[in-house]
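Lettering of chains follows the sequences in order, A, B, ..., and the numbering in each one begins at 1. Below, each value reflects all heavy atoms present in this structure, side chains not excepted, and no hydrogens, waters or symmetry copies.
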There are 2 protein chains.
Amino acid sequence: MSEGTYDSFCPVAKACDVIEPRWTLLILCELWLGTLRFNEIRRGVPGISPTLLSKRLKDMERRGLVRRAEINGGELGYETTPLANELQPVVNALGKWAHRNLDMDLSIDKPDARLLMWKIRRKIDTNAFPRRKTTVIRFTYPELAEEQRNYWLVARPGQPVDLCLLDPGHEVDLFIRADLKAMTSAWMGWSSLRTEIDANRIALVGDQKLTATLEKWMVRSIFATAPKQQVAA
Amino acid sequence: MSEGTYDSFCPVAKACDVIEPRWTLLILCELWLGTLRFNEIRRGVPGISPTLLSKRLKDMERRGLVRRAEINGGELGYETTPLANELQPVVNALGKWAHRNLDMDLSIDKPDARLLMWKIRRKIDTNAFPRRKTTVIRFTYPELAEEQRNYWLVARPGQPVDLCLLDPGHEVDLFIRADLKAMTSAWMGWSSLRTEIDANRIALVGDQKLTATLEKWMVRSIFATAPKQQVAA
DNA sequence: CGGGATCCGTAAAGATACTG
DNA sequence: CAGTATCTTTACGGATCCCG
């Protein structure tokens, strides 16, 4: 039933009752990124079934982590509560611990371009873009099959950045061609954008200003600043 | 299989693979308290079956959280690794979050005297006790059935404090009679020892010095210092 | 297309009992 | 003391279907 089942007065046990059910923390992370709607959460939390997401969101609502809220048009979405938000620094510390210590090799062996682009999209800083003009950036991962190779980020002034899997037809301001692992690695902070560009694993063609300000508008994972632990010599 | 099953490059997902399997964090907490042996862990982590504890310890060993180590006599015990120890501040923050925010009413409705005594025992500070003499303190919870009512803490100089459920035969230096909820509440920091004594829910009879220094040697839960969040009026 | 509900097979957890 | 073996129950994962 997803009831708390440790019958202990230990606060850690109480906390575990709340955070242990599978997907709970990942759903919170996605909501903290600003995701509002059911199917958006699905995209940001790869692998969860709609059934389980639905159930988990209800569990989380019952526990006071999440509430249903109106988006700007009478539609319903999800948002985190203050109770959940107090947990955010803890979850970040947890992520930093994993970033420092845990081997990521397995996951980067099967990187997921669509998920990566979804994450990149969320953190694009449009302040570095022209104010009055739509900016379009095309990412290409040549190693992938034709249909999964290209992604367009479309930044219309004053609107959230859009991710397209099909050519939206706009003129492209900047073309980025990249090795998928290299882009993942740079975004996660295991390397840097500069390193990967210098090694020719990421290449930019197009608008000079966008190229020059890449590191400004392409904000990386919040874990990218945490240094990777040095392996003992 | 207990393999990590989120296939994501997100560090939080990686961390969840490690910490989510049920009992993992509670076992770590118990080890951090200084528990070394299998059946001691069982006592400190109420409700876990030996089957699952055995399996979980092996999982945790495989993941590098725990290692088997020699105790002082060729016997084998368990201890946490540096990897796990880096997680301790995160787990403490998690516990503080729960202590501040989560309702503990349900768990204090069915308090567990033996577990409470086990926890109290672990944190007794024997520096406040006589140096050369064995100190014995008897706790009595009058509301409980005869056989579960009495607990003896036996502190022999230079040795870990012993918890006895049967009269060890020593002369008792201090008798403590308490309401079980009151003692749990005081130890957890929802109230204080002083408050409960003043309300006559905890009473001490015996050695004056021990009585006077109660708050010194009876070290409370590490969460006892975190203030409980005020409920909005 | 967004937001689910249903059904079913598998994997993890819980309860007891038992053993070297 | 330190676990295994066995059995039952619950949770999770996947596919499919429904409804506005």
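For the pair A:Arg68 and A:Tyr78, the cation-pi criterion (under 6.0 Å, within 45° of the ring axis) is fulfilled.
Rounded to whole angstrom, the span from the CD atom of B:Glu20 across to the C1' atom of C:dA11 amounts to 15 Å. Distance, A:Arg37 CZ to C:dG4 P: 11 Å, rounded to whole Å. Residue B:Ile27 contributes atom CD1, which lies 15 Å from atom P of D:dA2 at whole-angstrom precision. In this entry the distance linking NZ of A:Lys55 with P of D:dG13 reads 11 Å, nearest Å. Atom pair B:Ile48:CD1 and D:dT4:P shows a separation of 13 Å (rounding to whole Å applied). If you take CG of B:Asn39 and P of D:dT4, they are 12 Å apart, rounded to a whole angstrom. For the pair B:Leu52 CG and D:dC7 P, the interatomic distance rounds to 19 Å; values are reported in whole Å. Atom CG of B:Asp17 is separated from atom P of C:dA12 by 12 Å (rounded to the nearest Å).
A close approach under 4.0 Å does occur between a side-chain nitrogen or oxygen of B:Trp23 and OP1 or OP2 of C:dG14. The phosphate of C:dA13 (OP1 or OP2) has no side-chain N or O of B:Ser49 nearer than 4.0 angstrom. For C:dG2, the OP1/OP2 oxygens have no side-chain nitrogen or oxygen of A:Tyr78 closer than 4.0 Å.
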Practice problem: Please assess B:Glu30 against B:Lys119 for the test salt bridge (Lys or Arg N to Asp or Glu O under 4.0 Å), listing each intermediate value before the final yes or no. | Solution: CA-CA 9 Å; B:Glu30 191 56 31; B:Lys119 301 281 187 195; 3.3 Å; yes

Practice problem: Start with the C-alpha distance between A:Arg177 and A:Glu143, add both sets of side-chain angles, then the distance that settles salt bridge (Lys or Arg N to Asp or Glu O under 4.0 Å), and finish with yes or no. | Solution: CA-CA 10 Å; A:Arg177 174 189 57 68; A:Glu143 72 213 86; over 6 Å; no

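Defined by atom type and a distance below 3.5 Å, a donor-acceptor pair is missing between the side-chain atoms of B:Thr35 and B:Arg43. Defined by atom type and a distance below 3.5 Å, a donor-acceptor pair is missing between the side-chain atoms of B:Asp162 and B:Trp152.
With hydrogens and angles left out, the side chain of A:Ser54 and the base of C:dA5 share no donor-acceptor pair within 3.5 Å. For a distance-only test at 3.5 Å, the side chain of B:Thr51 fails to qualify as a donor-acceptor partner of the base of C:dA12.
Nearest nucleotide to the A:Arg43 side chain, out of D:dA2, C:dA13, C:dG2: C:dG2. Distance from the side chain of A:Arg68 is smallest to C:dG4 among C:dG4, D:dG13, D:dT6.
Within 4.0 Å of A:Arg42, counting heavy atoms only, lies no atom of the nucleic acid at all.
Residue-to-nucleotide proximity on DNA chain C shows that, of A:Lys58 and B:Pro50, the 5′-proximal contact is made by A:Lys58.
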